[in-house]
There are 2 protein chains.
Amino acid sequence: MNEINFCPLDYTMNLIGTKWKPIVLFHLLEEPLRSGILQKKVPGISNKMFTQTVRELEKDGLLIRTVYPVVPPKVEYALSTRGKSLQYILESLDKWGAEDCKK
Amino acid sequence: MNEINFCPLDYTMNLIGTKWKPIVLFHLLEEPLRSGILQKKVPGISNKMFTQTVRELEKDGLLIRTVYPVVPPKVEYALSTRGKSLQYILESLDKWGAEDCKK
DNA sequence: CTGTATCCTGTCGGATACTG
DNA sequence: CAGTATCCGACAGGATACAG
(Lines give C-alpha, C1' and ligand atoms only; values in the text may rest on other atoms or scores of the structure.)
Protein backbone atom coordinates (compact mmCIF):
# COMPACT_ATOMS: atom_id res chain seq x y z
CA MET A 1 0.00 0.00 0.00
CA ASN A 2 0.97 3.54 -0.70
CA GLU A 3 -0.26 6.53 1.26
CA ILE A 4 0.78 9.29 -1.10
CA ASN A 5 -2.63 9.65 -2.66
CA PHE A 6 -4.68 8.20 0.16
CA CYS A 7 -8.21 9.44 -0.05
CA PRO A 8 -10.94 9.21 2.56
CA LEU A 9 -13.08 7.29 0.13
CA ASP A 10 -10.52 4.54 0.37
CA TYR A 11 -10.86 4.63 4.13
CA THR A 12 -14.61 4.25 3.88
CA MET A 13 -14.39 1.40 1.44
CA ASN A 14 -12.07 -0.47 3.74
CA LEU A 15 -14.80 -0.36 6.36
CA ILE A 16 -17.87 -1.23 4.33
CA GLY A 17 -16.64 -2.04 0.86
CA THR A 18 -17.47 -5.73 0.83
CA LYS A 19 -20.18 -7.83 -0.65
CA TRP A 20 -22.25 -8.19 2.51
CA LYS A 21 -21.49 -5.40 4.95
CA PRO A 22 -23.62 -2.66 3.39
CA ILE A 23 -26.58 -4.99 3.09
CA VAL A 24 -26.37 -6.08 6.70
CA LEU A 25 -26.11 -2.50 7.90
CA PHE A 26 -28.94 -1.44 5.63
CA HIS A 27 -31.35 -3.91 7.17
CA LEU A 28 -30.55 -2.60 10.62
CA LEU A 29 -31.43 0.98 9.77
CA GLU A 30 -35.01 0.64 10.91
CA GLU A 31 -34.59 -1.38 14.04
CA PRO A 32 -32.35 -3.81 15.88
CA LEU A 33 -32.85 -7.40 14.83
CA ARG A 34 -32.01 -10.70 16.33
CA SER A 35 -29.50 -12.86 14.61
CA GLY A 36 -31.76 -15.28 12.80
CA ILE A 37 -34.06 -12.60 11.46
CA LEU A 38 -31.21 -10.46 10.23
CA GLN A 39 -29.57 -13.35 8.49
CA LYS A 40 -32.80 -14.26 6.72
CA LYS A 41 -32.97 -10.74 5.38
CA VAL A 42 -29.70 -11.26 3.59
CA PRO A 43 -30.55 -14.16 1.32
CA GLY A 44 -27.66 -15.88 -0.31
CA ILE A 45 -25.32 -15.29 2.59
CA SER A 46 -23.85 -18.38 4.15
CA ASN A 47 -23.80 -18.90 7.84
CA LYS A 48 -20.08 -18.53 7.86
CA MET A 49 -20.03 -15.24 6.01
CA PHE A 50 -22.83 -13.85 8.13
CA THR A 51 -20.97 -14.50 11.35
CA GLN A 52 -17.74 -13.20 9.89
CA THR A 53 -19.42 -10.06 8.59
CA VAL A 54 -21.16 -9.08 11.82
CA ARG A 55 -18.01 -9.83 13.77
CA GLU A 56 -16.00 -7.42 11.67
CA LEU A 57 -18.70 -4.79 11.82
CA GLU A 58 -18.72 -5.14 15.57
CA LYS A 59 -14.93 -4.92 15.76
CA ASP A 60 -15.05 -1.73 13.69
CA GLY A 61 -17.68 -0.29 16.00
CA LEU A 62 -20.37 -0.03 13.37
CA LEU A 63 -22.82 -2.26 15.15
CA ILE A 64 -23.43 -3.50 18.65
CA ARG A 65 -23.95 -7.11 19.56
CA THR A 66 -26.09 -7.88 22.58
CA VAL A 67 -26.35 -11.35 24.06
CA TYR A 68 -29.34 -12.12 26.24
CA PRO A 69 -28.62 -14.86 28.78
CA VAL A 70 -31.74 -16.90 28.07
CA VAL A 71 -32.54 -20.28 26.65
CA PRO A 72 -32.67 -20.63 23.79
CA PRO A 73 -29.95 -18.08 23.18
CA LYS A 74 -30.98 -14.70 21.87
CA VAL A 75 -28.58 -12.33 20.20
CA GLU A 76 -29.52 -8.95 18.90
CA TYR A 77 -27.68 -6.64 16.53
CA ALA A 78 -28.14 -2.90 16.46
CA LEU A 79 -26.38 -0.05 14.73
CA SER A 80 -23.98 1.97 16.83
CA THR A 81 -23.89 5.73 16.55
CA ARG A 82 -21.10 5.38 14.08
CA GLY A 83 -23.10 2.85 12.12
CA LYS A 84 -26.13 5.11 12.08
CA SER A 85 -24.02 7.86 10.60
CA LEU A 86 -23.85 5.72 7.49
CA GLN A 87 -27.60 5.83 7.04
CA TYR A 88 -27.43 8.63 4.53
CA ILE A 89 -24.90 6.78 2.40
CA LEU A 90 -26.67 3.46 2.55
CA GLU A 91 -29.91 5.06 1.47
CA SER A 92 -28.15 6.91 -1.32
CA LEU A 93 -26.70 3.67 -2.62
CA ASP A 94 -30.11 2.07 -2.41
CA LYS A 95 -31.84 4.93 -4.18
CA TRP A 96 -29.25 5.05 -6.92
CA GLY A 97 -29.70 1.34 -7.54
CA ALA A 98 -33.46 1.70 -7.63
CA GLU A 99 -33.25 4.51 -10.16
CA ASP A 100 -30.58 2.94 -12.29
CA CYS A 101 -32.04 -0.50 -12.68
CA LYS A 102 -35.22 0.94 -14.11
CA LYS A 103 -33.30 1.77 -17.28
CA MET B 1 -28.49 -16.16 -5.06
CA ASN B 2 -32.00 -15.52 -3.89
CA GLU B 3 -34.17 -12.72 -5.16
CA ILE B 4 -36.82 -12.70 -2.48
CA ASN B 5 -35.29 -9.87 -0.57
CA PHE B 6 -33.30 -8.31 -3.38
CA CYS B 7 -32.62 -4.70 -2.62
CA PRO B 8 -31.34 -2.00 -4.96
CA LEU B 9 -28.39 -1.46 -2.68
CA ASP B 10 -27.27 -4.92 -3.66
CA TYR B 11 -27.55 -3.94 -7.29
CA THR B 12 -25.39 -0.89 -6.73
CA MET B 13 -22.77 -2.83 -4.85
CA ASN B 14 -22.51 -5.31 -7.66
CA LEU B 15 -21.55 -2.43 -9.93
CA ILE B 16 -19.12 -0.51 -7.78
CA GLY B 17 -18.66 -2.55 -4.64
CA THR B 18 -15.04 -3.54 -5.15
CA LYS B 19 -11.75 -2.38 -3.80
CA TRP B 20 -10.75 -0.26 -6.77
CA LYS B 21 -13.80 0.81 -8.74
CA PRO B 22 -14.97 3.67 -6.51
CA ILE B 23 -11.46 5.09 -6.34
CA VAL B 24 -11.01 5.01 -10.09
CA LEU B 25 -14.37 6.67 -10.65
CA PHE B 26 -13.66 9.22 -7.96
CA HIS B 27 -10.50 10.43 -9.65
CA LEU B 28 -12.39 10.94 -12.90
CA LEU B 29 -14.99 13.23 -11.34
CA GLU B 30 -13.06 16.37 -12.17
CA GLU B 31 -11.84 15.60 -15.64
CA PRO B 32 -11.01 12.83 -18.07
CA LEU B 33 -7.56 11.40 -17.61
CA ARG B 34 -5.26 9.38 -19.75
CA SER B 35 -4.43 5.90 -18.70
CA GLY B 36 -1.04 6.41 -17.12
CA ILE B 37 -2.10 9.44 -15.11
CA LEU B 38 -5.20 7.77 -13.82
CA GLN B 39 -3.30 4.69 -12.78
CA LYS B 40 -0.75 6.76 -10.89
CA LYS B 41 -3.59 8.34 -8.94
CA VAL B 42 -4.55 4.95 -7.60
CA PRO B 43 -1.38 3.93 -5.79
CA GLY B 44 -1.13 0.35 -4.81
CA ILE B 45 -3.09 -0.91 -7.75
CA SER B 46 -1.29 -3.36 -9.97
CA ASN B 47 -1.25 -3.01 -13.70
CA LYS B 48 -3.41 -6.06 -14.01
CA MET B 49 -6.09 -4.88 -11.63
CA PHE B 50 -6.13 -1.44 -13.18
CA THR B 51 -6.83 -2.80 -16.63
CA GLN B 52 -9.36 -5.24 -15.30
CA THR B 53 -11.14 -2.54 -13.31
CA VAL B 54 -11.49 -0.03 -16.13
CA ARG B 55 -12.58 -2.78 -18.49
CA GLU B 56 -15.42 -3.75 -16.21
CA LEU B 57 -16.41 -0.16 -15.62
CA GLU B 58 -16.48 0.33 -19.38
CA LYS B 59 -18.53 -2.81 -19.89
CA ASP B 60 -21.02 -1.59 -17.31
CA GLY B 61 -21.23 1.75 -19.06
CA LEU B 62 -19.86 3.76 -16.16
CA LEU B 63 -16.91 5.17 -18.05
CA ILE B 64 -15.90 5.72 -21.64
CA ARG B 65 -12.61 4.66 -23.11
CA THR B 66 -11.23 6.67 -25.98
CA VAL B 67 -8.24 5.54 -27.99
CA TYR B 68 -6.34 8.17 -29.93
CA PRO B 69 -4.55 6.73 -32.95
CA VAL B 70 -1.21 8.37 -32.29
CA VAL B 71 2.28 7.25 -31.44
CA PRO B 72 2.96 6.71 -28.68
CA PRO B 73 -0.53 5.38 -27.92
CA LYS B 74 -2.84 7.62 -25.95
CA VAL B 75 -5.90 6.33 -24.15
CA GLU B 76 -8.25 8.52 -22.20
CA TYR B 77 -10.89 7.59 -19.66
CA ALA B 78 -13.92 9.70 -18.90
CA LEU B 79 -17.08 9.20 -16.89
CA SER B 80 -20.21 8.41 -18.85
CA THR B 81 -23.49 10.05 -17.94
CA ARG B 82 -24.30 7.04 -15.87
CA GLY B 83 -20.91 7.26 -14.20
CA LYS B 84 -21.42 10.94 -13.45
CA SER B 85 -24.67 10.13 -11.74
CA LEU B 86 -22.57 8.45 -9.08
CA GLN B 87 -20.79 11.68 -8.23
CA TYR B 88 -23.06 12.38 -5.32
CA ILE B 89 -22.46 8.97 -3.82
CA LEU B 90 -18.72 8.99 -4.35
CA GLU B 91 -18.44 12.36 -2.68
CA SER B 92 -20.61 11.20 0.20
CA LEU B 93 -18.36 8.22 0.75
CA ASP B 94 -15.35 10.46 0.63
CA LYS B 95 -16.83 12.98 3.04
CA TRP B 96 -17.88 10.31 5.48
CA GLY B 97 -14.39 8.87 5.47
CA ALA B 98 -12.88 12.30 6.04
CA GLU B 99 -15.17 12.97 8.97
CA ASP B 100 -14.87 9.55 10.52
CA CYS B 101 -11.13 9.16 10.45
CA LYS B 102 -10.72 12.34 12.46
CA LYS B 103 -12.06 10.48 15.45
C1' DC C 1 2.68 4.47 -23.53
C1' DT C 2 -0.80 1.01 -23.05
C1' DG C 3 -2.29 -3.29 -22.65
C1' DT C 4 -1.93 -8.61 -22.65
C1' DA C 5 -0.45 -13.20 -20.97
C1' DT C 6 1.27 -16.38 -17.58
C1' DC C 7 2.31 -18.05 -13.32
C1' DC C 8 1.48 -18.49 -8.52
C1' DT C 9 -0.18 -17.60 -3.84
C1' DG C 10 -3.47 -16.19 -0.45
C1' DT C 11 -7.89 -15.44 0.66
C1' DC C 12 -12.88 -15.74 -0.16
C1' DG C 13 -16.59 -18.15 0.59
C1' DG C 14 -19.87 -22.35 0.33
C1' DA C 15 -21.21 -27.05 2.36
C1' DT C 16 -21.42 -29.73 6.06
C1' DA C 17 -21.19 -31.27 10.64
C1' DC C 18 -20.93 -30.15 15.29
C1' DT C 19 -21.14 -27.54 20.33
C1' DG C 20 -23.55 -24.96 24.14
C1' DC D 1 -31.17 -20.50 18.35
C1' DA D 2 -26.56 -18.99 17.74
C1' DG D 3 -22.15 -19.84 16.64
C1' DT D 4 -17.79 -22.68 15.54
C1' DA D 5 -14.72 -25.86 12.91
C1' DT D 6 -13.08 -28.00 8.94
C1' DC D 7 -12.57 -29.09 4.30
C1' DC D 8 -11.87 -27.54 -0.30
C1' DG D 9 -12.67 -25.37 -4.76
C1' DA D 10 -12.71 -20.86 -7.00
C1' DC D 11 -10.84 -16.70 -7.86
C1' DA D 12 -8.77 -12.20 -6.55
C1' DG D 13 -4.78 -10.09 -7.22
C1' DG D 14 0.57 -9.41 -7.45
C1' DA D 15 5.07 -10.10 -10.19
C1' DT D 16 7.01 -10.54 -14.28
C1' DA D 17 7.67 -10.66 -19.09
C1' DC D 18 6.15 -9.46 -23.44
C1' DA D 19 3.44 -7.19 -27.61
C1' DG D 20 1.68 -3.22 -30.57
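Residue numbers begin at 1 in each chain, while the letters A, B, ... track the order of the sequences. No hydrogens, no waters, no symmetry mates; every other heavy atom, side chains included, goes into these values.
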Taken to the nearest whole Å, NZ/B/Lys40 to C1'/C/dT2 is 11 Å
Separation of D/dA12 P from B/Arg55 CZ (nearest whole Å) | 17 Å
Rounded to whole angstrom units, what separation is found between the CD atom of A/Glu58 and the P atom of D/dA2?
-> 15 Å
Would you say A/Thr18 and A/Gln52 make side-chain contact, with heavy atoms under 4.5 Å?
-> no
Can you tell me how far C1' of D/dA10 sits from CE of A/Met49, to the nearest Å?
-> 14 Å
Rounded distance in Å - NZ (B/Lys48) to C1' (C/dA5) = 10 Å
Does the side chain of B/Val24 reach to within under 4.5 Å of the side chain of B/Glu56, using non-hydrogen atoms?
-> no
Tell me which of B/Arg34 and A/Gln52 sits closer to the 5' end of DNA chain C, going by the nucleotide each one is nearest to.
-> B/Arg34
Please determine, for the side chain of B/Val75, which listed nucleotide (D/dG3, C/dG20, C/dG3) has the closest atom?
-> C/dG3
Using whole Å, report how far CG of B/Asn47 lies from C1' of D/dG14.
-> 11 Å
A/Glu56 CD to C/dG13 C1', straight-line distance once rounded to whole Å | 12 Å
Could you tell me whether the phosphate oxygens of D/dA2, OP1 or OP2, come under 4.0 Å of any side-chain nitrogen or oxygen in A/Tyr77?
-> no
Please check if atom NZ in A/Lys74 has more than 12 non-hydrogen atoms from other residues, nucleotides or ligands closer than 6.0 Å.
-> yes
Output yes when at least one side-chain N/O atom of B/Thr51 is less than 4.0 Å from OP1 or OP2 of C/dT2, else no.
-> no
Is there a side chain to side chain contact (heavy atoms under 4.5 Å, CB included) between B/Leu38 and B/Phe50 once you walk through the steps?
-> CA-CA 9 Å; B/Leu38 177 56; B/Phe50 177 73; 3.8 Å; yes
By nearest-heavy-atom nucleotide on DNA chain C, the more 5' of A/Thr18 and B/Phe50 is B/Phe50
Non-hydrogen side-chain atoms of A/Trp96 and B/Leu15 separated by less than 4.5 Å | yes
Separation of B/Leu33 atom CG from C/dT2 atom C1', in whole Å?
-> 15 Å
According to a strict under-4.0 Å criterion, is A/Arg65 in side-chain N/O contact with OP1 or OP2 of D/dA2?
-> no
Using a cut-off of less than 4.0 Å, is there contact between a side-chain N or O of A/Ser35 and OP1 or OP2 of D/dG3?
-> yes
